[in-house]
Amino acid sequence: MTVKPDVAAPAEPEQTAPPAKTRKAVIIAWAKRLLIVAVLGAATWSLYSQWDEVYPTLLALPWQSVVLSLVAVFVGIFLGPLVWKIVLSDLGAPVRFADASKFYLVGQLGKYVPGAVWAVLLSMELAREAGVNRARSFTAGLVATGMGVLASLIAGLAALPVMLSGRPESNQLLWLFLLLLAGLPFLHPRLLTWSVNLVLKVLRKAPIDRRFTGIEILKALGTAVAIYLCYGVHLWLLVNSLGSPRWDTLILSTGAMALSMTAGLLAFFLPSGLGARELVITATIATVLPSGQAIALALVSRLMFTVADLAAAGSAALLVYVQKRRGVPVPIPAED
């Protein structure tokens, strides 16, 4: 009778504890949470502070116009992440639309805190969680913002006849079109690639390993123009609800919204360009409505954008949370 030697059972792999977070990582995590709380608080305060001024005008507007106008704002806002997705893909850092929505839409709330740096920092940190390093997200932010400015000025050409009609408030904004002349050459793939690599060189980061393509640039620019068309529809619906319906007002409203967004972006020291946007909208819409109604609609538009920004950011964050709960793979934070 032979006895088989005992075979040792395979040793179970030792469970290793997750690496402890460094003090720097803990500080960054808490700073990120505090920044999100700060921008949410600033956006909520902006909503609350305008309520008494816009409430009477909201009551005077047909609810159908208000709902459709708000839908147009949401469509425009949710096209924003698509621009970032296209640019990041050309930069060699492709992301899912859900991830682009999270770091773009949530990051955009930083504009409600005075100073453009907060929106940039928040977007960079959220993009890093989506697997995009800070250098790539910063560069993509510059390119997407530049595309947005050029698209707004292209759409803003629709308001040029009104601006040349002699209204002092409008004439003061004609210099904005100099940015269009200066920016159009950078739509060439070779020049845009050279500019991006120059920025990366200054940041001491590796250059992109391929050149921007003309089709991707046109896709990003076309999407950005579509955003301002949506915003134009938003304002047009409000204007038509107080006056006689006119199709030419759609062109005027698109130009007014496009230029107002660029004016607000340049007034980065103001929370979300507060005042600068309203000045452009009022000066333009006052050509078809009484000045009092034009001012009121500018404030209603501001309120609707604040509501939409908060709702869109919440929706994007909820989408990512649901994906995590369903076990959808989450990108590993990129190394900088």
Side-chain angles (χ1 to χ4, degrees), residues 36 39-40 42-44 46-48 50-51 54 57-58 61-86 95-112 119 122-123 126 144-145 147-148 151-152 155 219-220 222-241 249-250 253-262 264-265 271-274 277-278 281 285 297-323:
I36 293 176
V39 297
L40 285 174
T44 304
S46 175
L47 182 65
Y48 171 77
Q50 299 171 68
W51 182 249
V54 302
T57 305
L58 274 175
L61 295 171
W63 68 267
Q64 300 95 329
S65 298
V66 174
V67 171
L68 290 175
S69 181
L70 188 59
V71 169
V73 174
F74 272 111
V75 173
I77 286 177
F78 276 101
L79 284 176
L82 186 57
V83 178
W84 273 68
K85 187 178 185 301
I86 294 171
V95 294
R96 299 175 300 189
F97 181 79
D99 294 318
S101 298
K102 178 186 176 183
F103 64 73
Y104 173 79
L105 296 175
V106 178
Q108 284 296 293
L109 293 182
K111 65 188 179 185
Y112 288 96
L122 187 55
S123 295
L126 293 174
T145 300
M147 291 283 184
S152 72
K219 283 167 60 177
T223 304
V225 171
I227 291 173
Y228 293 110
L229 290 177
C230 292
Y231 294 162
V233 171
H234 144 76
L235 184 59
W236 176 68
L237 289 167
L238 297 179
V239 171
N240 277 351
S241 67
T249 310
L250 175 58
S253 298
T254 301
M257 287 304 302
L259 291 178
S260 70
M261 290 294 182
T262 297
L265 178 65
S272 189
L274 184 62
R277 275 170 51 180
E278 288 70 26
I281 293 174
I285 298 304
L297 288 186
L299 293 175
V300 169
S301 175
R302 163 71 67 174
L303 179 69
M304 294 175 74
F305 266 89
T306 305
V307 171
D309 281 336
L310 287 170
S315 300
L318 179 62
L319 176 61
V320 174
Y321 173 77
V322 170
Q323 287 183 332

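Just so you know, residue 1 is the first one in the sequence shown, and it goes up from there.
- Here OG of Ser315 is found 10.5 Å from CG of Leu310. Values are rounded to the nearest 0.5 Å.
- Across all non-hydrogen atoms, the minimal contact from Ser152 to Ala258 is O-CB, 3.1 Å.
- Partners of Ile77 by side chain to side chain contact (heavy atoms under 4.5 Å, CB included), not counting sequence neighbours, listed by chain and number: Val73, Leu105, Tyr231, Ala308, Asp309, Ala312.
- Ala151 and Ala224 make their closest contact through CB-CB, 3.4 Å (heavy atoms, listed as atom of the first residue, atom of the second, distance).
- Minimum interatomic distance between Tyr228 and Ala155 (heavy atoms only, all atoms of both residues): CB-CB, 4.1 Å.
- For the atom pair CG of Asn240 and CG of Leu250, the computed distance is 8.5 Å after rounding to the nearest 0.5 Å.
- Here the shortest heavy-atom pairing between Cys230 and Val75 reads SG-CG1, 3.6 Å.
- Checked by atom type and distance alone, the side chain of Ser260 pairs as donor or acceptor with a backbone atom of Met257 at under 3.5 Å.
- For Thr254, there are no side chain to side chain donor-acceptor pair (under 3.5 Å) partners at least two apart in sequence or on another chain.
- Summarising the geometry, atom CH2 belonging to Trp63 is positioned 8.0 Å from atom CG belonging to Leu68; distances are rounded to the nearest 0.5 Å.
- Scored by the salt bridge (Lys or Arg N to Asp or Glu O under 4.0 Å) test, Lys85 finds no partners at all (sequence neighbours excluded).
- Atom NZ in Lys102 sits 10.5 Å away from atom CZ in Arg96 (nearest 0.5 Å).
- Closest non-hydrogen pair, Ile281 versus Ala256, comes out as CG1-O, 4.4 Å.
- Evaluation of the side chain to side chain contact (heavy atoms under 4.5 Å, CB included) rule for Tyr104 yields Pro81, Trp84, Gln108 as partners, not counting sequence neighbours.
- Side-chain contact between Val83 and Ile227 is present, with at least one heavy-atom pair separated by less than 4.5 Å.
- Listed by chain and number, the residues in a side chain to side chain contact (heavy atoms under 4.5 Å, CB included) with Leu238 are Leu61, Ser69, His234, Leu297, Val300, Met304 (sequence neighbours excluded).
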